[in-house]
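Encoded as C-alpha cells, the structure appears first; notes follow it.
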Protein chains: 2
Amino acid sequence: MAYAEQYIDKLRKSGLRPTKQRIKICEVLFDAEKTFHFTIKELVKIIENQANIKVSLATVYNTVHAFIKKGYLKEIPLNASQSYYDTNVTHHHHFFDEEENKLIDIHQDDVDEVNIKRTIPGKKIRSVEVIAKIVSDNQSQK
Amino acid sequence: MAYAEQYIDKLRKSGLRPTKQRIKICEVLFDAEKTFHFTIKELVKIIENQANIKVSLATVYNTVHAFIKKGYLKEIPLNASQSYYDTNVTHHHHFFDEEENKLIDIHQDDVDEVNIKRTIPGKKIRSVEVIAKIVSDNQSQK
DNA sequence: TCAACAGTTTAGAATAAATATAATCTATTA
DNA sequence: TAATAGATTATATTTATTCTAAACTGTTGA
C-alpha cells in the first residue's frame with residue numbers, strides 16, 4: 001500500500017521503527033480528510049474507535065513527540081490543562097475560545113505576516129505562533 | 001503609605017480583601033523596578049526571601065488568578081510544564097528559548113501590529129499573543 | 001469598641017497530565 | 001531463524017494545580 005509506505009517513511013525519518021501501533025497512529029493523523037486539533041487522550045480514543053488495536057498512552061506520547069521534533073505535527077502554545085496538538089503544520093494561527101475551550105484555525109491569509117525585527121545572538125526563530133483569545137461579545141451585540 | 005493604598009485598591013477591585021499576605025504579593029509584583037516573568041513557585045520563593053511572611057501556594061494561586069481576571073497580570077501562552085505569568089500587561093510579545101526554558105520580551109515596536117482580518121460571530125478578541133520559539137543557530141554561525 | 005460573620009489562610013489531600021520503569025513482546029539483521 | 005535492539009504496555013511515579021475543611025482575620029453595624 002502506498003499509504004503504509006508513506007507512514008513507514010515518516011516513522012523511519014523520525015527515528016522510529018514501523019510497528020502496528022505506530023502505523024495506526026499515522027493513519028489517524030495523516031489520512032484524515034481535514035487537518036485537526038487533538039489531545040493525547042483524544043487521539044487514543046480515536047484509535048480505539050477506528051481499529052481493534054489497543055495503543056497505550058505511553059506509545060502515543062512517544063510517537064507524537066517524535067513527530068513534533070521532526071516537524072510532522074505541531075504543538076499549540078496554550079495554557080490549557082492538557083496539551084493540544086495540530087496535524088496542520090503549515091503556517092497558520094489560532095483563536096482560542098476560553099469559554100468553550102475550543103481552538104479555531106486562522107488561515108495565514110487572514111493574518112498579516114508577523115515580522116519580528118529583533119534577533120537574539122546565536123539563536124534563530126524556529127516558529128512563530130499567534131494566539132488570539134476570544135470571548136463573548138455582549139457589549140455591542142446583545 | 002501610598003503604595004499600600006494602591007495595593008488595597010487593586011485588591012478590592014479584584015474582589016479580594018486586603019490581607020497581610022495579599023499586600024505582600026502586591027509589593028513583590030507591582031513594586032519591582034522592572035516587570036518580570038514568574039511561575040507560582042518562584043513567586044512564593046521571592047515572597048519568602050523578601051519578607052518573614054509565609055504565604056501558601058493556594059493563596060498565591062488564588063490571588064494571581066484574580067489579578068489575571070482583572071487584567072493586572074497576564075498569563076503567557078506556552079506549553080511548559082508550569083504556567084508562566086507576566087507583570088508586564090502592556091501589549092508585547094515573547095521569544096521562548098526552548099533549550100534554556102527562558103522567556104524574553106519582544107517590545108511592541110519590534111513586531112508589526114498583528115492584524116487579524118477574520119472575525120467569529122458573537123465573539124470579540126480579548127488578547128493577541130505572539131510566541132516565537134527560538135533555538136541555537138548552529139548552521140550559519142558556528 | 002466589639003461581637004458576629006463572611007471571607008481568608010493554610011496544610012495537607014485529591015486530581016490529573018505527563019513521564020519513567022521494567023517485564024514482555026516484536027522488528028530487524030546477519 | 002536466532003540474537004538483539006528497540007517497542008509496547010500496565011503500572012508506578014512525579015509534579016502542577018485545585019480542593020477541602022479547620023482555624024483565623026477583616027469588616028460591619030450596633
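Proteins come first, then strands; the chains are lettered A, B, ... in the order of their sequence lines, and each starts at number 1. No experiment lies behind these values; they were computed from the predicted model shown.
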For [X] and [N], what is the distance between atoms [atom1] and [atom2] respectively, to the nearest whole Å?
{"X": "Gln82(A)", "N": "dA16(D)", "atom1": "CD", "atom2": "P", "result": "18 Å"}
{"X": "Asn62(A)", "N": "dA22(C)", "atom1": "CG", "atom2": "C1'", "result": "15 Å"}
{"X": "Lys20(A)", "N": "dA27(C)", "atom1": "NZ", "atom2": "C1'", "result": "12 Å"}
{"X": "Lys24(A)", "N": "dT9(D)", "atom1": "NZ", "atom2": "C1'", "result": "19 Å"}
{"X": "Ile23(B)", "N": "dT8(C)", "atom1": "CD1", "atom2": "C1'", "result": "13 Å"}
{"X": "Glu42(A)", "N": "dA18(C)", "atom1": "CD", "atom2": "P", "result": "11 Å"}
{"X": "Leu11(B)", "N": "dT25(D)", "atom1": "CG", "atom2": "C1'", "result": "15 Å"}
{"X": "Arg22(A)", "N": "dT26(C)", "atom1": "CZ", "atom2": "C1'", "result": "11 Å"}

Original post:
In Å and rounded to the nearest 0.5 Å, what is the CD1 to CD1 distance from Ile25(B) to Ile47(B)?
Top reply: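 So the gap between those two atoms works out to 4.5 Å.
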Subject >> Value rounded to 0.5 Å, distance of CD1 in Ile134(B) from CD1 in Ile120(A) >> reply: 5.0 Å
**OP:** Flag the pair Lys133(A) and Glu129(B) as a salt bridge only when some basic side-chain nitrogen lies within less than 4.0 angstrom of an acidic carboxylate oxygen.
**Re:**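 No, Lys133(A) and Glu129(B) are not salt-bridged.
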Subject >> Salt-bridge present (Lys45(B), Glu48(B); N to O < 4.0 Å) >> reply: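 Here Lys45(B) does not pair with Glu48(B) in a salt bridge, since their nearest N and O are not under 4.0 Å apart.
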When you check the phosphate oxygens OP1 and OP2 of [N], does a side-chain N or O of [X] lie under 4.0 Å from one of them?
{"X": "Lys54(A)", "N": "dT9(D)", "result": "no"}
{"X": "Gln21(B)", "N": "dT25(D)", "result": "no"}
{"X": "Ser81(B)", "N": "dA16(D)", "result": "no"}

Subject >> Earlier contact from the 5' end, DNA chain D, for Tyr85(B) and Leu57(A) >> reply: Leu57(A)
Counting side-chain heavy atoms from CB outward, which of [options] is closest to [X]?
{"X": "Ser56(B)", "options": "dA11(C), dT28(C), dT17(D)", "value": "dA11(C)"}
{"X": "Thr19(B)", "options": "dT17(D), dA27(C), dT9(C)", "value": "dT9(C)"}
{"X": "Arg17(B)", "options": "dA20(C), dA18(C), dT8(C)", "value": "dT8(C)"}
{"X": "Ala58(A)", "options": "dA17(C), dA16(D), dA20(C)", "value": "dA20(C)"}
{"X": "Arg12(B)", "options": "dT27(D), dT9(C), dT28(C)", "value": "dT27(D)"}
{"X": "Tyr61(B)", "options": "dT17(D), dT9(D), dA17(C)", "value": "dT17(D)"}

**OP:** Name the nucleic acid region contacted by Ile40(A), choosing base, sugar-phosphate or nothing; use a 4.0 angstrom heavy-atom cut-off, strictly under.
**Re:**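 If one applies the 4.0 Å heavy-atom cut-off, Ile40(A) turns out to touch nothing in the nucleic acid.
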**OP:** Under 4.0 Å between any heavy atoms, over every strand shown, what does Thr39(A) touch: base, sugar-phosphate, or nothing? Just pick one.
**Re:** nothing
Subject >> Check: Asp86(A) side chain, Asn88(A) main-chain N or O, donor-acceptor pair, under 3.5 Å >> reply: yes
